[in-house]
2 protein chains.
Amino acid sequence: MLVDTGSCERTPQACHQGRSENGCADCKVRLISVCSVLEPTELEELEALSHHLTLDKGQTLFGQDEPAGSVFNVIEGALRLTRLLPDGRRQVMGFALPGDFLGLALQVRYSVSAEALGPVRTCRFGREDFAAVVEAKPHLLRSLHERAGYELTLSQEQMLLLGRRTAEEKVAAFLLSLRDRYARIGHSSVTVELPMGRQDMADHLGLTIETVSRILNRLDRAHAVLLVPGGARLIDLSRLERMAAS
Amino acid sequence: MLVDTGSCERTPQACHQGRSENGCADCKVRLISVCSVLEPTELEELEALSHHLTLDKGQTLFGQDEPAGSVFNVIEGALRLTRLLPDGRRQVMGFALPGDFLGLALQVRYSVSAEALGPVRTCRFGREDFAAVVEAKPHLLRSLHERAGYELTLSQEQMLLLGRRTAEEKVAAFLLSLRDRYARIGHSSVTVELPMGRQDMADHLGLTIETVSRILNRLDRAHAVLLVPGGARLIDLSRLERMAAS
DNA sequence: CGGATTCCTTGCGCTGGATCAAGGCCCCGG
DNA sequence: CCGGGGCCTTGATCCAGCGCAAGGAATCCG
């Protein structure tokens with residue numbers, strides 16, 4: 001079940017706490033989220049529409065083809081964005097990290113399902129509410145559009161990966177791209193966290209779980225990476241980059 | 001070489017003809033392009049910034065990673081949008097058809113190369129010029145953003161295809177999706193035009209040219225499609241849909 | 001009209017990654 | 001401390017699609 005700690009209808013006092021301990025002003029992801037383009041007064045305006053929503057590992061934020069009632073800022077944790085084929089085959093379109101905005105396209109239905117890979121905190125807005133704010137603030141729309149452009153670039157990168165790379169190239173490129181994304185949100189480290197399981201990586205890279213496992217362990221044995229629980233330390237970056245052939 | 005028939009610097013009289021025989025008002029793709037959201041006065045404003053540009057088969061409209069000096073509406077013909085790996089492997093990200101807008105994301109550099117598959121007519125705008133118009137007209141930005149959302153959905157569909165479908169499913173899904181896109185721009189027909197070559201399809205679907213050829217001919221022999229020069233007639237739609245597993 | 005070029009088809013053997021099948025490890029609850 | 005379940009690893013075998021090679025059809029051009 002979804003837990004909407006920010007439901008304001010009946011408990012307006014709890015609401016402020018629900019939204020954020022001290023409001024958007026000291027939100028962890030303010031500077032890396034779409035909100036970074038907003039003025040303080042605009043931020044307050046948006047804050048009045050926001051609800052906090054937390055999920056535990058495995059819970060679904062929204063499902064593919066459901067009416068898109070809300071849009072979300074990811075504050076903490078990671079989610080898996082998936083699409084299903086009728087026969088159950090699964091493609092993981094990507095992973096949402098803190099600072100990411102879900103529902104970017106403001107479309108009527110969600111095009112993917114979003115599931116929590118661990119404890120997740122999000123900032124929720126009613127889609128109509130949010131769309132109205134966007135309508136009134138072209139620079140916010142501009143920012144969303146820029147993000148959409150970035151997403152489009154990422155998805156092109158992913159298509160190139162899925163269509164034209166070998167299994168080893170895929171895994172190496174995945175580790176490097178994840179490291180870049182963490183760096184982009186100010187979470188740089190030699191050790192890349194892997195909050196997703198092997199099956200999720202496989203479904204993201206168009207491989208099987210066995211192949212992903214084999215290749216990760218091969219990279220480990222070759223001292224290109226060091227596998228640790230829940231992550232991987234990238235030892236030989238230049239070798240990985242050569243492997244990724246990017 | 002690019003032929004910019006709309007270059008206004010030295011031949012202002014030729015310019016109007018260069019733009020469009022009778023201006024945007026009776027542009028073939030006005031109703032299906034981004035321009036469809038513009039008022040007549042806005043259309044004139046944009047027309048003043050437009051230049052016609054035609055290409056012959058094989059010519060490059062722009063190249064991957066080049067500074068994005070212009071954005072384009074495709075008026076007629078089709079283009080191939082590709083990305084290259086350093087070693088020459090190629091992924092065709094998609095095909096641009098009449099009504100499509102190239103440079104949607106308004107980014108500083110092109111993320112793909114665009115090459116004409118046959119004679120192509122486009123309507124070109126300086127990126128800065130166009131961005132200024134967009135800045136002044138939020139509903140145009142809104143329309144661009146909607147298109148970006150549609151592109152994002154298409155590219156997710158393509159990722160699912162590349163990652164999780166068999167060769168036969170890929171080819172069937174490709175034919176059907178092309179048919180849908182032609183229908184969307186008012187070019188419905190049982191016979192789907194295939195302005196791209198086998199190698200382009202292969203590079204789009206993550207297959208080899210041989211596999212594409214084999215499967216198309218297998219579908220032909222099975223009377224699911226009828227191959228004709230430059231296209232394919234979709235005979236057994238329901239069978240193709242079952243194959244595509246969408 | 002003939003020669004060249006480009007694109008497409010088809011056959012054949014090979015291989016990268018899938019599939020099948022066992023375990024192994026770790027965490028959690030009792 | 002033990003037992004069960006979820007995830008991960010590893011080995012053995014298989015096969016869909018690849019790579020190579022040869023030939024065919026369409027188009028262009030002199």
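Every chain is numbered from 1, with letters handed out A, B, ... down the list of sequences. Just so you know, these numbers come straight off a predicted model, no measurement behind them.
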B/S/- contact track for nucleotides 13-26 of chain C, protein heavy atom under 4.0 Å: ----SSBB------
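B/Ser70 OG to B/Tyr110 OH: the interatomic distance, rounded to the nearest 0.5 Å, is 4.5 Å. Atoms CG and OG1, from B/Leu234 and B/Thr191 in turn, are 7.5 Å apart once rounded to the nearest 0.5 Å. Between the CG atom in A/Leu102 and the SG atom in A/Cys123 there is a gap of 11.5 Å [rounded to 0.5 Å]. Rounded to the nearest 0.5 Å, atoms CG (A/Leu216) and CE (A/Met201) are 5.5 Å apart.
Contact check for B/Leu227 versus B/Val225: side-chain heavy atoms found under the 4.5 Å cut-off. A heavy-atom distance below 4.5 Å is not found between the side chains of B/Leu81 and B/Phe95. Residues A/Val112 and A/Gln64 have side chains not in contact (no heavy-atom distance under 4.5 Å, counting atoms from C-beta outward).
The CG atom of B/Asp220 sits 9 Å away from the P atom of C/dT9 (whole-angstrom rounding). Taking atom CE of B/Met196 as the reference point, atom P of C/dC7 lies 15 Å away to the nearest angstrom.
Of the side-chain N and O atoms in B/Asn217, none sit less than 4.0 angstrom from OP1 or OP2 of C/dC8.
Sorted by first and then second residue, the pairs that involve residues 209-230 of chain A and meet salt bridge (Lys or Arg N to Asp or Glu O under 4.0 Å), not counting sequence neighbours, are A/Glu168-A/Arg218. Among residues at least two apart or in separate chains, salt bridge (Lys or Arg N to Asp or Glu O under 4.0 Å) pairs with a member in residues 61-89 of chain A are A/Lys28-A/Glu76, A/Glu76-A/Arg121, A/Arg80-A/Glu115, A/Arg80-A/Asp200, A/Arg83-B/Glu157, A/Asp87-A/Arg89, A/Arg89-B/Glu169.
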Intermediate values then yes/no, side chain to side chain contact (heavy atoms under 4.5 Å, CB included), B/Val29 and B/Val74: CA-CA 8 Å; B/Val29 296; B/Val74 179; over 6 Å; no
B/Thr122/B/Ile75 under side chain to side chain contact (heavy atoms under 4.5 Å, CB included): CA gap, chis, key distance, verdict: CA-CA 5 Å; B/Thr122 69; B/Ile75 298 172; 5.6 Å; no
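In this structure, A/Phe174 and A/His204 have perpendicular ring planes: the angle between them is above 60°, well past the 30° mark.
For the segment residues 77-89 of chain A, the set of residues with a heavy atom within less than 4.0 Å of an atom of DNA chain C is empty.
Note that the two end axes of the helix from C/dC1-D/dG30 to C/dG30-D/dC1 enclose an angle of 40°, each drawn from 5 base pairs, rounded to 10 degrees.
Read 5' to 3', the first and last nucleotides of DNA chain D with an atom closer than 4.0 Å to a heavy atom of chain B are D/dG17 to D/dC20.
In this structure, B/Arg184 forms a cation-pi arrangement with B/Tyr150, its terminal cationic atom sitting closer than 6.0 Å to the ring centre and no more than 45° off the ring axis.
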